Q: 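Sharing a structure here in structure tokens format.
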Amino acid sequence: NNPFMDQLRMIEQYVQDGAGLTRQLLTFVKGGAMEIQPTDVNALIKKQSRLFGRTRKAIQITETLAPDVLPIEADASQIEQVLLNIYVNAGHAMPEGGELHVRTENTRLTEKSVLAHSSNMTPGTYVKITVSDTGIGMDDATQLRIFDPFFTTKKIGKGSGLGLYSAYGIIKNHDGHIQVSSTRNKGTTFTIYLPAT
């Protein structure tokens, strides 16, 4: 019942927000210690879907995970962060609830198909992760800026604009590629390519 309790709670929240912001910024520090090891993408998706599903019960999560999906060389905690950032954005796009579809598959990218995705990718075998929601979608102008640092469509104080920027940086650091496609009032799809091992 202390009259200062509310202020203390606000200070605690600010400290937690600052710590989260620092963690996201450290993601981009070159030479940062990444714990790279063979990683099962399906296991990471199941874990994040379960955690997110507990917080957003109005969102139905459907998984179509290839049983033969190849492992990737990755820092599992960073890939989990990517998934969480995408899930949280999907949640914001579906405030009244909706559907979230997550899919994995092995795919082979040729020299021609690599150029269609990113000039930094090399031909080879990749694990493709697709996350689609039935939310409000984005217009073309928003899609062009979605991975820019500090870009956010949320109200002041509701988002740092670093969630998808950090996701982009993490995927690039893993020699992968992330892209978005969206239609207003129909939903958004994030597609991630990570080199298989």
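Not measured: the values here are computed from a predicted model.
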Q: Under the side chain to side chain contact (heavy atoms under 4.5 Å, CB included) test, which residues partner Thr125, sequence neighbours left out?
A: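 Testing Thr125 for side chain to side chain contact (heavy atoms under 4.5 Å, CB included), a comparison that skips the adjacent residues, returns Leu70, Arg108, Ala196.
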Q: For the side chain of Arg184 and the backbone of Gly137, is there at least one donor-acceptor N/O pair under 3.5 Å apart?
A: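 Judged by distance alone, yes, a pair lies under 3.5 Å.
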Q: Say whether, by atom type as modelled, one donor and one acceptor occur between the side chain of Thr188 and the main chain of Asp133 under 3.5 angstrom.
A: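 Side chain of Thr188 to backbone of Asp133, a donor-acceptor pair under 3.5 Å: no, none is there.
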Q: Before giving the answer on salt bridge (Lys or Arg N to Asp or Glu O under 4.0 Å), spell out for Lys46 and Glu63 the whole-Å C-alpha distance, their side-chain angles and the decisive distance to 0.1 Å.
A: CA-CA 8 Å; Lys46 286 176 186 174; Glu63 297 171 347; over 6 Å; no
Q: So, for Asn106 and Asp68, which heavy atoms are closest and what is the spacing to 0.1 Å?
A: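 Minimum heavy-atom separation between Asn106 and Asp68: ND2-O, 3.0 Å.
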Q: Within the side chain of Thr104, is there an N or O that forms a donor-acceptor pair under 3.5 Å with the backbone of Ala66?
A: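 Judged by distance alone, yes, a pair lies under 3.5 Å.
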Q: Can you tell which of Ile86, Leu164, Ile170, Thr191 makes a side chain to side chain contact (heavy atoms under 4.5 Å, CB included) with Ile178?
A: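 So the option named by the test is Ile86.
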Q: Please answer whether the main-chain N or O of Thr130 pairs with a side-chain N or O of Arg103 as donor and acceptor at a distance below 3.5 Å.
A: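 No, because the side chain of Arg103 does not come within donor-acceptor range (under 3.5 Å) of the backbone of Thr130.
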Q: Is it the case that the side chain of His177 and the backbone of Ile171 share a donor-acceptor pair, with hydrogens and angles ignored and the cut-off at 3.5 Å?
A: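 Not at all, since once roles are kept as given, no pair shorter than 3.5 Å links the two residues.
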Q: Side chains of Glu73 and Thr39 only: does a donor on one sit below 3.5 Å from an acceptor on the other?
A: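 Their side chains do not contain a donor-acceptor pair, so the 3.5 Å distance test is not met.
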Q: State, to 0.1 Å, how close Gly97 and Ile59 come at their nearest heavy-atom pair, and which atoms those are.
A: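 For Gly97 and Ile59, the tightest heavy-atom pair comes out as CA-CG1, 4.1 Å.
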Q: Can you list the residues that meet the ring-ring contact (aromatic ring centres under 6.0 Å, His included) rule with Tyr87, with sequence neighbours excluded?
A: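 ring-ring contact (aromatic ring centres under 6.0 Å, His included) list for Tyr87, sorted by chain: Phe52.
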Q: Supply the atom-to-atom distance Ile79 CD1 to Ile192 CD1, rounded to the nearest 0.5 angstrom.
A: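 Rounded to the nearest 0.5 Å, the CD1-CD1 separation comes to 7.5 Å.
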